[in-house]
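I have placed the structure first, in the form of structure tokens, so that the comments after it can refer back to it.
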There are 2 protein chains.
Amino acid sequence: MTANPIQCKVTDALNTVVGKWKPTILLNLHFKGTMRFSELMNNIPDITQKMLTSQLRELEKEDLIVRVVYPQIPPKVEYSISEHGKTLQPIFDMLHEWGVTHLEHMHTNTVEALEVK
Amino acid sequence: MTANPIQCKVTDALNTVVGKWKPTILLNLHFKGTMRFSELMNNIPDITQKMLTSQLRELEKEDLIVRVVYPQIPPKVEYSISEHGKTLQPIFDMLHEWGVTHLEHMHTNTVEALEVK
DNA sequence: CGGCATCCAAATCGATACTG
DNA sequence: CAGTATCGATTTGGATGCCG
């Protein structure tokens, strides 16, 4: 990571946001607001407890989400997007739009390739 | 990936762009234009031939870069950003800005935490 | 309920050797 | 020069069991 100065921070930004489940977690919290651990489990099919826990810890360290523990039995833990985490929203919006366009683009290319046949 | 419709394409977009070296490759090609395989190797420290090759193949499949082979000896292969790949540029710009802000934010928090001590 | 610890499987990455 | 092939190491993810 040397060549151009701009490089450095792009990958840094990506590294804080990627990880198999991080975008999904952030988007869930964005749309549904505060959620409990079990709610996240239910809303993210196929994720395991271990993965959810570890990804939440990392997001917390990066100050993208807030973790609130209620000292009671049974335990209750709530997660929500931090103020700082909300600054990611415009980027997600752009990524979503680009994703849609990209899929259309790839689909078009495939169809064209088939038609040439 | 069920809950909210927007989720799907965000992760799709991220998946096409991430990968340990993909952003670096794309940024190099963006800033320096067309580059040969060996030039990329020289400009991306620590990357191995294997990684560079595989990442280039994936980027090519996703139509983000163009690969041109000159049938000569010794071989010459040039890579450049595709028209479609150029549409990623605004996203990289945003990611870079966010990355800078994020690093500042994290640094500020660390300093505050130390001062509280 | 919301974890952590452990063990195991799979994907990813790196080093090396070889080729047209 | 620009790869391919192979092997081994590292990283990552999943399954299970246990705990306050």
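Given the structure is predicted, the values throughout are model-derived calculations rather than measurements. Below, chain A is the first sequence line, B the second, and so on; all start at residue 1. Below, each value reflects all heavy atoms present in this structure, side chains not excepted, and no hydrogens, waters or symmetry copies.
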Rounded to whole Å, the CE-P distance (B/Met51 to D/dT10) equals 16 Å
note: B/Ile44, atom CD1; C/dG14, atom C1'; distance rounded to Å ~ 16 Å
Of all heavy-atom pairs linking A/Pro23 and A/Val17, the shortest is CD-O, 3.5 Å
From CE of A/Met41 across to P of C/dG3 the rounded distance in Å is 11 Å
From the candidates C/dG14, C/dC1, C/dG3, the one with an atom nearest any side-chain atom of A/Pro75 is C/dC1
B/Arg67 has its side chain closest, among C/dG2, D/dA2, D/dC7, to D/dA2
Is there a path of hydrophobic side-chain contacts, each under 4.5 Å between heavy atoms of I, L, V, M, F, W or Y residues, that connects A/Ile73 with A/Phe37?
-> no
Taking D/dG3, C/dG2, D/dT6 as options, the one with an atom nearest any side-chain atom of B/Gln49 is D/dG3
From NZ of B/Lys50 across to C1' of C/dA15 the rounded distance in Å is 9 Å
### Query
Hey, does B/Tyr79 reach any base, or is it just sugar-phosphate, or nothing, if we go heavy atoms under 4.0 Å?
sugar-phosphate
| Side-chain contact, heavy-atom cut-off 4.5 Å: B/Lys22 with B/Glu58? | yes
A/Asn15 atom CG is separated from D/dT11 atom C1', nearest whole Å, by 14 Å
Of C/dC4, C/dC1, D/dA2, the nucleotide closest to the side chain of A/Arg36 is C/dC1
From CG of A/Leu56 across to P of C/dC1 the rounded distance in Å is 17 Å
Is B/Lys86 salt-bridged to B/Glu83, cutoff N-O under 4.0 Å? yes
Whole-Å distance, A/Phe37 CZ to C/dG2 C1', equals 6 Å
Separation of C/dG2 atom P from A/Met35 atom CE, nearest Å, is 11 Å
Using a cut-off of less than 4.0 Å, is there contact between a side-chain N or O of B/Lys20 and OP1 or OP2 of C/dG14?
yes
Of C/dG2, D/dA15, C/dC1, the nucleotide closest to the side chain of A/Thr48 is D/dA15
Ranking A/Pro74 and A/Gln55 by the position along DNA chain D of their nearest nucleotide, the one closer to 5' is A/Gln55
Going by heavy atoms in the side chains, are B/Thr48 and B/Trp21 under 4.5 Å from each other? no
Of the candidates D/dA2, D/dG13, C/dC4, the side chain of B/Val77 sits closest to D/dA2
